[in-house]
Amino acid sequence: MSSTATPSVKAIFESMEYGPAPESAELAQAWLMRHERSFGHFVGGRFVDPVDGERFATTHPGDGAELAQVAQGGAADVDAAVRAAQEALPAWQALTPFARSRHLYALARHVQKHARLLAVLEALDNGKTLRETRDIDIPLVARHFYHHAGWAQLRDSEFAGYEPVGVCGQIIPWNFPLLMLAWKVAPALAAGNTVVLKPAEFTPLTALAFAEMAAEAGLPEGVLNVVTGDGRTGAALVAHEGLAKVAFTGSTEVGRIIRQATAGRGLKLSLELGGKSPFIVFDDADLDSAVEGVVDAIWFNQGEVCCAGSRLLVQESVAAAVEEKLRARMETLREGPSLDKAMDIGAIIAPVQLDKITRLVEQCKAEGGRCYQPSWAQSVTRDGGLYFPPTLFSEVAPSSAAAQEEIFGPVIVSMTFRTPAEAVELANNTRYGLAASVWTENVNLALDVAPKLEAGVVWVNCTNVFDAASGFGGYRESGYGREGGREGMYEYLKPSWEARLEPYREAPSGVPDGAALGAGAPVGEEAIDRTAKLYIGGKQARPDGAYSYPVLGADGVHLGEAPLGNRKDVRNAVEAARKGTAWTKATAHNRAQVLYYLAENLDARAGEFGARLRAMTGARKADAEREVAASVQRLFTYAAHADKYDGAVHATPLRNVTLAMPEPWGVMAVVCPDEAPLLAFVSLVAPALAMGNRVVSVPSPRWPLAATDLYQVLDTSDLPAGALNIVTGDRDELAAVLAKHADVAAMWYVGSAEGSTAVERESADNLKATWVNFGDRRDWFDPEQGEGREYLRRATHVKNIWVPYGE
Ligand code: NAI
Ligand code: MG
């Protein structure tokens, strides 16, 4: 009795065509109608009208239909939201960890209860497929809140000595709207903070729905606030003085703007930015699995994925086979309406994004790239929807725009390599470093290659898998900070000792005033020979400018001359550190031995160093001796840590082990304060070295001789050339050069508030990770402030390597 329009079972079996399999939009439409398709901001536990009343439409990219009007937040709206978050803070922090944990648990339950509404609403607002929102986004959101309900419960025991930061401003993109909310909100609340979140202008709806659910779940008013709007709203939030932390996911360009805008304000900052991640296929890989992997790497979420595997690197001998299989697979991909449950690829978020993809694809063609799209590719633009077909480029030069720029669409470029070394080199030939995927049946090869890839996540024989227990985040211009796991919790906590510090009473010095002291004049050969030197690449070196400055003792006595290092000296030191890879490659045991040796050699000359400290600082004999002894001890501490501060195996719920490995940054800059000139120097340099970094250091400008006296100790301690470089001179001048230097991956600065601001500002371009003191004074003798795991954590970043098992 079937109607004539419905094909018979026999006909279906013959053609095996997919019919439409639409999910009902009813739940989501009913929710929108209940709000009369118009939303204010969510502040203090309820929807509030925007102060200046401006609104804009959010649409469904699959047909262009308007879903609702949302508010364009201005400064007054942001201010109201930050105030609500500030007011909510004391009561939220007064709750027991158990009580906060119950709230996070309730949020997870509510996400599950409303999973269908959220999945449909997300598919509508973003244009992505329901298959993905239902099976990936929303389950991961629930998992994230469950996992962090656990961290909330365990905060005080697992993060003893740390405390919440305060009000967090969080800005998220449109590609995984609710998942990015979860990644931001769950750890913030678990740590005991309150939040103002700004969703992306294209996809504000699930954030608003979530905020409403949170209120329904009993989350106290003001703990989570949502202000909608575009980049201007984001900028207003970042500018607000009431924030203690900014967390951002989005473009590298906006990441830089936010680094600039937050410089010197004492904020914590985490940036999760763009990527151009390599997908490496070795010739012994299971090629069919690898091809399915490519589908997940670049056609998942239309390729609008920060960690998308957008550069396919295939070993030459299997390149033709992989391409053939891939072309065949592309033919069977289905692109179309989000709510059709049998679609693989949905709509592109907005015309501006479609234009960007089109522009880069045309450019790649013009540059000679060979473009392949499936035969059905022409027929995708329909019903006002924004679609781009899956696209494969081959014969692409590694330096071309298509191989370097983040396209953020369903476009993959492929290149070939011959040897594993060449694969690593090609993979790392990018400014980004978010993720990488490695395909081989040879576990030795996979685990040899993974640590060599400059990326925060490495997936072995899998790709685009995520879990709340594993950290996620970038190297290089992909940003810093981690989301998920224990690593991610630290982004929302601060050491309690840091919170207790007071500003310096006396401003930290630069080099003494040249005119008054007769410095800055060129000195003759003879005088230079009596002047301390720089220490670069394991050798003493004269400063480029051949200038020196006098070092005065406490009583004004002229103790000697120190070189006035300049820009060129810093560059030489960085170059030496860049080459000093032997130290990073050394085993942890070996690094420990060298640090012990250093400590012993310093101890053997304790008297001499004590006398030097007394002459410089005017310290009493006992105090100077105490500083030397504390320095020796500190070296012992970090020698001890060198082979003990290690990683973890995260319990991610797939059939895999996820290895969380703390890795050194590579080249680190360390800029030291005046006080305790030996102990502060050792306290800052030793943890960086212990973790395998090569260091460019600037010792106290006022009393640099404690550091320059170390040269002989260094020479006799088997420290490889380039591991530690010392440039004396003006702290803030040298710090600015180091902050701007693209080859310095991380930088610590302890000095003035102005110097701290400059370091954060000058690092915006190259996005190095910085740790500055904002002009606060540490007590280097206090082991809580002067040493410990925070230093080791800041001397490393964590790479998560996913290794599946089972046949
Ligand atoms: P975007 O970086 O402009 O937007 C991300 C978020 O930042 C949005 O909520 C936006 O309103 C906000 N924002 C924009 N300007 C801001 C400012 N000055 N201060 C504070 N917040 C601001 O990214 P957009 O324009 O949506 O996409 C542009 C490109 O960025 C994409 O083509 C893609 O290549 C990349 N992108 C990368 C993402 C990632 O996850 N890594 C996510 C989204 C985009
Ligand atoms: Mg939308």
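These numbers come from a predicted model, not from an experiment. We number each residue from 1, following the sequence as shown.
Between Leu237 and Val196, some side-chain heavy-atom pair lies under the 4.5 Å cut-off. Contact check for Pro164 versus Gln93: side-chain heavy atoms found under the 4.5 Å cut-off. Using a 4.5 Å cut-off on side-chain heavy atoms (C-beta onward), Asn725 and Val695 make no contact. For the pair Leu678/Val628, a side-chain contact is recorded, criterion being any heavy-atom separation below 4.5 Å from C-beta on. Contact check for Val671 versus Leu734: no side-chain heavy atoms found under the 4.5 Å cut-off. Glu760 has its side chain within reach of Phe774: a pair of non-hydrogen atoms, C-beta onward, lies under 4.5 Å apart. Between Asp718 and Leu598, the closest side-chain pair of non-hydrogen atoms is not below 4.5 Å. Inter-residue side-chain proximity for Arg694 and Thr581 is flagged as met; some heavy-atom pair is nearer than 4.5 Å.
Side-chain atoms of Trp583 come within 3.5 Å of backbone N or O of Leu689 as a donor-acceptor pair. Under a 3.5 Å cut-off, the side chain of Trp703 and the backbone N or O of Met616 do form a donor-acceptor pair. No donor-acceptor pair under 3.5 Å is formed between the side chain of Asn693 and the backbone N or O of Val667. The backbone N or O of Ala152 lies less than 3.5 Å from no partner atom in the side chain of Ser101, so there is not a single donor-acceptor pair. The main-chain N or O of Thr652 is never found under 3.5 Å from a side-chain atom of His650 such that the two would form a donor-acceptor pair. Side chain of Thr194 to main chain of Ala85: a donor-acceptor pair is present (N/O by atom type, distance under 3.5 Å, no hydrogens or angles). Looking at Asn193, its side chain never comes within 3.5 Å of a backbone N or O of Val167 through a donor-acceptor pair. Panel note: side chain Tyr638, backbone Gly788; a donor-acceptor pair is recorded below 3.5 Å. Judged by distance alone, the side chain of Arg100 and the main-chain N or O of Leu95 form a donor-acceptor pair under 3.5 Å. Looking at Tyr432, its side chain never comes within 3.5 Å of a backbone N or O of Ala435 through a donor-acceptor pair.
Of all heavy-atom pairs between Ser270 and Lys245, the closest is OG-NZ, 2.7 Å. The two residues Lys494 and Ala499 come nearest to each other via the heavy atoms CE-CB, 3.7 Å. Pairing each heavy atom of Val165 with each of Leu493, the nearest pair is CG1-C, 3.9 Å. Contact record, Val457 with Gly471: CG2-O, 4.3 Å, taken as the closest heavy-atom pair. Between Ala624 and Ala619, the closest heavy-atom pair is N-CB, 4.3 Å. Residues Ala745 and Lys768 approach most closely at O-CB, 3.3 Å, considering heavy atoms.
A cation-pi contact, defined as under 6.0 Å to the ring centre and within 45° of the axis, links Arg486 to Phe159.
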- [ ] Evaluate the criterion ring-ring contact (aromatic ring centres under 6.0 Å, His included) for residue pair Tyr475 and His797; output intermediate values, then yes/no.
- [x] CA-CA 8 Å; Tyr475 279 35; His797 49 171; 3.7 Å; yes
Task: Derivation of the side-chain contact (heavy atoms from CB on, under 4.5 Å) call for Arg634 and Leu679 - done: CA-CA 8 Å; Arg634 197 133 293 164; Leu679 180 59; 3.8 Å; yes
Task: Thr262 vs Arg265, side-chain contact (heavy atoms from CB on, under 4.5 Å): CA-CA, chis, key distance, verdict - done: CA-CA 6 Å; Thr262 52; Arg265 287 168 48 198; 4.2 Å; yes
Open item on the list: side-chain contact (heavy atoms from CB on, under 4.5 Å) for Leu792 and Met691? Distances and angles first, verdict last.
Closed with: CA-CA 7 Å; Leu792 297 163; Met691 292 297 97; 3.7 Å; yes
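Here Cys306 contributes atom SG and Met180 contributes atom CE; the two are 6.5 Å apart, rounded to the nearest 0.5 Å. In this structure, OG on Ser509 lies 10.0 Å from OH on Tyr504, to the nearest 0.5 angstrom. Leu267 contributes atom CG, which lies 10.0 Å from atom SG of Cys168 (distance to the nearest 0.5 angstrom). In this structure, Cys307 SG and Leu434 CG are separated by 5.5 Å, a value rounded to the nearest 0.5 Å. Taken from CG in Leu710 to OH in Tyr535, the straight-line distance is 9.5 Å, to the nearest 0.5 Å. Note: His147 NE2 to Asp467 CG = 7.5 Å, rounded to the nearest 0.5 Å.
For His741 and Glu762, the side-chain atoms include no donor-acceptor pair closer than 3.5 Å. Using modelled atom types, one finds no donor on one side chain facing an acceptor on the other under 3.5 Å when comparing Arg793 with Thr796. With 3.5 Å as the limit, one finds a donor-acceptor pair spanning the side chains of Glu675 and Trp780. Side-chain N/O atoms of Thr252 and Glu477 include no donor and acceptor closer than 3.5 Å. For Thr658 and Ser470, the side-chain atoms include no donor-acceptor pair closer than 3.5 Å.
Here Glu483 pairs with Lys184 in a salt bridge; the nearest charged N to carboxylate O distance falls below 4.0 Å. Using a 4.0 Å cut-off between charged side-chain N and carboxylate O, Arg482 and Glu272 make no salt bridge. Ionic pairing of Asp674 and Arg731 is present here: one or more N-O contacts between side-chain nitrogen and carboxylate oxygen are shorter than 4.0 angstrom. Between Lys268 and Glu491 there is no salt bridge, since none of the side-chain N atoms of the basic residue sits less than 4.0 Å from a carboxylate O of the acidic one. Ionic pairing of Asp765 and Lys740 is not present here: no N-O contact between side-chain nitrogen and carboxylate oxygen is shorter than 4.0 angstrom. Under a 4.0 Å N-O distance rule, the pair Arg702/Glu506 qualifies as a salt bridge.
Within 6.0 Å of atom CD in Glu575, more than 12 heavy atoms from other residues, nucleotides or ligands are found, so the atom counts as buried in its surroundings. Shown here is Lys585, whose NZ atom has no more than 12 heavy atoms of other residues, nucleotides or ligands within 6.0 Å. Within 6.0 Å of the CZ atom in Arg102, the count of heavy atoms belonging to other residues, nucleotides or ligands does not exceed 12.
Ring centers of Tyr791 and Trp771: under 6.0 Å apart, within the cut-off. Annotation: Tyr105 is in aromatic contact with Tyr146 [ring centroid separation under 6.0 Å].
Each of Tyr490, Trp497, Tyr162 was checked for a side-chain hydrogen bond (donor to acceptor under 3.5 Å, both in side chains) with Glu790, and the lone residue meeting it is Tyr162.
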